[in-house]
Peer 1: 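To start, I am sharing the structure in question, which I have written as structure tokens.
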Amino acid sequence: MQRHTKSSPLLALPGAVPAEGPDEGVAAHYGELFREQRTLADGSGFVDLSHRGVVTVTGSDRLSWLHLLLTQHVSELPAGQATEALILSAHGHIEHALYLVDDGETTWAHVEPGTQDALIAYLESMKFFYRVEVADRTDEFAVVYLPAGSIAPVPDGATVRETAHGRDLFLPRAGLEAYAEANGPAIGILAYEALRVEAHRPRLGFETDHRTIPHELGWIGSAVHLQKGCYRGQETVARVHNLGKPPRRLVFLHLDGSEVHLPGPGAEIRLAADGPDGRKLGFVTTSARHHELGPIALALVKRNVPMDAELLAETTAAAQEVVVEP
């Protein structure tokens with residue numbers, strides 16, 4: 001996955017520790033990870049997501065055109081209503097995840113850091129005679145997240161994407177520092193990720209690999225509309241939904257809190273009864289330290305792993321909660 005390498009000016013805030021990996025460019029935390037989590041869970045503060053890509057689509061055909069390409073029903077998307085959608089390969093594997101809102105004239109989307117170039121290249125290849133214009137707005141606009149319950153004001157003219165989990169603001173990048181000064185405290189991406197894991201919400205490039213299909217992650221319904229066709233990969237979606245089961249399923253793990261080491265992405269999952277040399281049944285996708293739950297993780301496991309089975313993530317004991325039914 002490509003990365004958007006522009007660093008946020010908020011890395012200059014006191015205590016800021018830069019994030020690494022896919023979230024490079026924003027702060028991992030500002031010195032107090034668990035306090036930041038509690039603040040965010042209580043509906044205060046904001047998270048700098050300015051490393052994410054921002055893409056817009058304008059033109060009179062934008063919604064009907066996107067409807068043909070995305071897994072979500074967007075042809076009649078009301079102005080101001082948030083949604084999310086995927087772009088699949090011809091075989092139904094997830095290639096892009098878009099977090100969308102239309103303001104009545106422009107469809108705004110934020111996407112994983114560095115994926116906007118490939119996304120735009122695909123969209124441009126599908127324009128044909130449709131009256132649409134696709135633009136990379138990442139250099140102009142930054143995404144800021146406000147948690148559910150936040151009473152922070154929305155700057156005049158900002159595009160807002162509001163969901164049950166909170167609000168995403170598309171702010172002019174030049175105004176990011178002024179927004180932070182007026183609406184702090186700033187919260188690091190590690191706190192945001194811990195609450196994402198707690199909420200069982202998948203993320204492209206974390207819970208996905210080259211063969212992930214939407215059914216495995218619980219994206220059917222929230223990002224995939226089953227009563228529409230006319231998009232690449234739709235045949236696989238319909239076939240698995242109607243005739244079969246996905247080969248893997250997302251699970252939530254409570255990890256043994258006595259372990260100092262937190263099993264990271266890619267850590268192999270096995271049955272506890274088989275020990276660390278047992279057969280590999282899956283892998284950790286995201287792990288985090290939660291302010292109340294302790295060490296937690298999301299993982300992809302084979303569909304036939306018993307739902308009540310005790311697991312091992314590398315050598316760490318793990319109790320599973322079902323996210324996607326087998």
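These values consider heavy atoms only, across backbone and side chains, with no hydrogens, waters or symmetry-generated copies. One-based numbering along the sequence shown.
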Peer 1: Holding to ring pair (Phe, Tyr, Trp, His ring centres under 6.0 Å), I want the full list of residues that pass it with H200, two or more places apart in sequence or in another chain.
Peer 2: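 Counting only residues at least two positions away or on another chain, H200 forms a ring pair (Phe, Tyr, Trp, His ring centres under 6.0 Å) with F252.
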Peer 1: Not counting sequence neighbours, which residues clear side-chain hydrogen bond (donor to acceptor under 3.5 Å, both in side chains) with H254? List them please.
Peer 2: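 Checked H254 against side-chain hydrogen bond (donor to acceptor under 3.5 Å, both in side chains); matches are E321.
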Peer 1: Are more than 12 heavy atoms, taken from residues, nucleotides or ligands other than K245, located less than 6.0 Å from that residue's NZ atom?
Peer 2: no
Peer 1: Once ring pair (Phe, Tyr, Trp, His ring centres under 6.0 Å) is applied, do any residues pair with H225, and if so which ones, sequence neighbours excluded?
Peer 2: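 With neighbours one apart ignored, the set is H73.
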Peer 1: Rounded to the nearest 0.5 Å, what separates atom CD in Q234 from atom NZ in K228?
Peer 2: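 If we round to the nearest 0.5 Å, Q234:CD and K228:NZ are 8.5 Å apart.
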Peer 1: Does any pair with a residue in residues 35-47 pass salt bridge (charged side-chain N to carboxylate O under 4.0 Å, His left out), and if so which ones, sequence neighbours excluded?
Peer 2: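 Salt bridge (charged side-chain N to carboxylate O under 4.0 Å, His left out) check on residues 35-47 returns E32-R35.
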Peer 1: Just how far is it from atom CZ of F46 to atom CG of L10, taken to the nearest 0.5 Å?
Peer 2: 5.5 Å
Peer 1: If we count only N and O atoms by modelled type, under 3.5 Å, do the side chains of E314 and H261 hold a donor and an acceptor together?
Peer 2: yes
Peer 1: Go through the structure and list residues passing salt bridge (charged side-chain N to carboxylate O under 4.0 Å, His left out) with R289, not counting sequence neighbours.
Peer 2: none
Peer 1: Return each pair, listed once, that meets salt bridge (charged side-chain N to carboxylate O under 4.0 Å, His left out) where at least one residue sits in residues 192-215; pairs must be two or more places apart or across chains.
Peer 2: D23-R203, E112-R203, E193-R196, E193-R203, R196-E207, D209-R248
Peer 1: Decide whether T316 and D256 meet the rule of one side-chain donor and one side-chain acceptor closer than 3.5 Å.
Peer 2: no
Peer 1: side-chain hydrogen bond (donor to acceptor under 3.5 Å, both in side chains) with E177: which residues, sequence neighbours excluded?
Peer 2: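 With sequence neighbours excluded, E177 shows a side-chain hydrogen bond (donor to acceptor under 3.5 Å, both in side chains) to no residue whatsoever.
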Peer 1: Taking only residues at least two apart or on different chains, which pairs with a member in residues 265-275 satisfy salt bridge (charged side-chain N to carboxylate O under 4.0 Å, His left out)?
Peer 2: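 Found E268-R270.
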Peer 1: How would you list, by chain and number, every residue that makes a salt bridge (charged side-chain N to carboxylate O under 4.0 Å, His left out) with E140, sequence neighbours excluded?
Peer 2: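 Salt bridge (charged side-chain N to carboxylate O under 4.0 Å, His left out) list for E140, sorted by chain: R137.
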Peer 1: Please enumerate all residues that pass side chain to side chain contact (heavy atoms under 4.5 Å, CB included) together with Q81, with sequence neighbours excluded.
Peer 2: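 Side chain to side chain contact (heavy atoms under 4.5 Å, CB included) list for Q81, sorted by chain: L77, P78.
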Peer 1: Filter on salt bridge (charged side-chain N to carboxylate O under 4.0 Å, His left out), then keep only pairs touching residues 55-72, sequence neighbours left out; what's left?
Peer 2: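 Sorted pair list: D61-R131, R62-D102.
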Peer 1: Run through the side-chain heavy atoms of Ile, Leu, Val, Met, Phe, Trp and Tyr, join any pair under 4.5 Å, and report what else lands in Y145's cluster.
Peer 2: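 V26, L40, V47, L49, V54, V101, W108, F141, V143, F170, I187, I189, Y192, L195, all in the cluster of Y145.
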Peer 1: With T208 as reference, evaluate L86, L217, T285 under the side chain to side chain contact (heavy atoms under 4.5 Å, CB included) test and give the passing residue.
Peer 2: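 When side chain to side chain contact (heavy atoms under 4.5 Å, CB included) is applied between T208 and each of L86, L217, T285, only L217 qualifies.
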Peer 1: Please determine if E216 and R303 form a salt bridge, counting it only when a charged side-chain N lies under 4.0 Å from a carboxylate O.
Peer 2: no
